Amino acid sequence: MLKSSYTLISGATSGIGFELAKNFAKDGYNLILVSRSLSSLEEKKLELKELNNNIDIKIFAYDLSVIENTYSLYEQIKENNLEVNFLVNNAGFGDSGEFLNANINKLNQMVDLNMKSLMNMCYLFGNDMKERKSGKILNVASVAAYLAGPYMSCYYATKSFVLNFSIGLYHELKKYGIKIHILCPGPTKTKFIDVCESKNKKAFDNLSMDPKKVAKKCYKKMKKNKLIINTGFISKFSSFSTRFLSRKFASKLTEKVNGK
């Protein structure tokens with residue numbers, strides 16, 4: 001039995017993840033959507049089918065902040081004879097506030113989802129791509145990847161990991177025909193700001209991009225084999241300015257942005 005090829009998107013029911021799914025659907029890609037909520041997945045599947053009824057869409061409800069679920073998801077996909085030729089690691093969340101006053105369990109959950117889960121997904125599906133000598137991986141980082149972020153210290157650190165880990169993979173995996181892309185969006189109008197409980201929500205909203213625009217630009221840049229994809233002025237400025245500013249000075253600016 002021949003395997004069908006799919007694009008797998010985690011965090012697929014809202015924000016950038018769902019907007020990326022729309023772009024893939026319009027271009028005729030079969031989809032595997034992963035999120036925690038089965039009802040949200042079913043709802044988004046119907047919406048995507050309205051865009052293109054000729055594609056196949058599979059849904060899997062998993063909380064990927066539980067590391068064991070990355071293995072369970074992988075095994076279920078293998079059992080269903082599905083082939084992931086494009087992996088989009090979009091799932092992630094942030095937290096805001098002074099580190100020593102934070103909920104340490106929430107921070108550990110964030111580290112597990114933003115870093116460990118992403119690493120596992122790259123390893124599991126990346127090995128299949130290596131065997132086939134083809135495949136693509138998009139890891140969603142953030143403008144935060146370029147900076148240290150007082151009052152969001154752990155979140156910024158997780159996104160720095162995503163950026164640097166992904167650049168390393170780019171050099172390691174290109175000999176196997178695997179292409180790597182890294183999205184570093186600036187502030188975007190998603191559920192992120194509510195989940196991270198930022199005290200600077202109004203300023204964030206004023207600077208935020210529409211996730212539809214972020215996804216569209218990302219999708220176009222991936223077609224051109226762009227490695228690092230910056231969206232929005234803040235992301236582009238941060239990428240450029242950190243080459244010249246001291247890390248201490250840049251982090252002082254970030255401290256002010258984060259509302260302290």
Side-chain angles (χ1 to χ4, degrees), residues 10-17 34-37 40 62-70 89-121 139-166 182-209 211 214 230-235 237-239 241-242 245-260:
S10 67
T13 56
S14 65
I16 295 171
V34 182
S35 185
R36 291 182 300 172
S37 169
S40 293
Y62 282 100
D63 179 357
L64 295 181
S65 68
V66 179
I67 300 303
E68 291 76 11
N69 284 344
T70 60
N89 285 310
N90 172 69
F93 72 91
D95 193 30
S96 176
E98 188 174 324
F99 172 69
L100 294 180
N101 293 333
N103 181 326
I104 193 63
N105 293 323
K106 184 178 181 181
L107 293 183
N108 274 290
Q109 187 181 27
M110 179 177 66
V111 167
D112 285 346
L113 180 59
N114 294 8
M115 296 169 58
K116 294 181 182 179
S117 170
L118 179 143
M119 180 184 72
N120 272 18
M121 296 284 278
N139 288 330
V140 178
S142 166
V143 61
Y146 298 115
L147 304 159
Y151 300 101
M152 293 184 72
S153 299
C154 286
Y155 173 74
Y156 277 58
T158 65
K159 291 305 182 178
S160 180
F161 169 85
V162 173
L163 175 61
N164 288 288
F165 170 68
S166 302
I182 311 151
L183 175 60
C184 293
T188 307
K189 293 178 182 177
T190 67
K191 294 179 180 178
F192 169 85
I193 196 65
D194 296 320
V195 174
C196 78
E197 300 175 352
S198 173
K199 294 180 180 179
N200 211 7
K201 185 177 186 300
K202 185 175 181 180
F204 184 95
D205 285 341
N206 291 336
L207 295 169
S208 293
M209 284 184 68
V214 173
N230 295 300
T231 61
F233 170 77
I234 292 177
S235 181
F237 177 77
S238 297
S239 173
S241 64
T242 49
L245 299 177
S246 71
R247 292 180 66 84
K248 183 178 180 180
F249 180 74
S251 64
K252 187 68 177 176
L253 293 177
T254 307
E255 180 183 9
K256 293 182 180 298
V257 171
N258 289 344
K260 296 291 180 179

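Excluded from the calculations below are hydrogen atoms, water molecules and symmetry mates; all remaining heavy atoms, backbone and side chain alike, are included. Remember, predicted model here, so these are calculated numbers, not experimental data.
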Spacing of [X] atom [atom1] and [Y] atom [atom2] [to the nearest 0.5 Å]:
| X | Y | atom1 | atom2 | value |
| --- | --- | --- | --- | --- |
| Asn114 | Tyr155 | CG | OH | 7.0 Å |
| Ile16 | Met209 | CD1 | CE | 9.0 Å |
| Asn69 | Asp112 | CG | CG | 11.5 Å |
| Leu113 | Thr158 | CG | OG1 | 9.0 Å |
| Met119 | Ile67 | CE | CD1 | 7.5 Å |
| Asn230 | Ile182 | CG | CD1 | 9.5 Å |

Item to complete: Without swapping roles, check the side chain of Thr70 against the backbone of Asn120 for a donor-acceptor pair under 3.5 Å.
Response: no

Worksheet item: Between the side chain of Asp95 and the main-chain N/O of Leu107, is any donor-acceptor distance below 3.5 Å?
Response: no

Please report the shortest heavy-atom distance between [X] and [Y], naming the atom on each side.
| X | Y | result |
| --- | --- | --- |
| Ala141 | Cys184 | CB-SG, 3.9 Å |
| Lys159 | Ala145 | O-CB, 3.2 Å |
| Gln109 | Ser65 | NE2-OG, 3.2 Å |
| Gly11 | Ala91 | N-CB, 3.8 Å |

Practice prompt. For the pair Val214 and Leu183, evaluate side-chain contact (heavy atoms from CB on, under 4.5 Å) and give the outcome as yes or no after the intermediate values.
Written response: CA-CA 9 Å; Val214 173; Leu183 175 60; 4.2 Å; yes

Item to complete: Ignoring hydrogens and angles, state whether a donor on the side chain of Thr13 or Ser40 is under 3.5 Å from an acceptor on the partner side chain.
Response: no

Discussion item. Run the side-chain contact (heavy atoms from CB on, under 4.5 Å) test on Arg36 and Tyr62 for me, step by step, so that the C-alpha distance in whole Å, both residues' side-chain angles and the decisive distance to 0.1 Å come before the verdict.
Written reply: CA-CA 5 Å; Arg36 291 182 300 172; Tyr62 282 100; over 6 Å; no

Discussion item. As a quick check of understanding, evaluate side-chain contact (heavy atoms from CB on, under 4.5 Å) for Phe165 and Met115, giving each step before the final call.
Written reply: CA-CA 9 Å; Phe165 170 68; Met115 296 169 58; over 6 Å; no

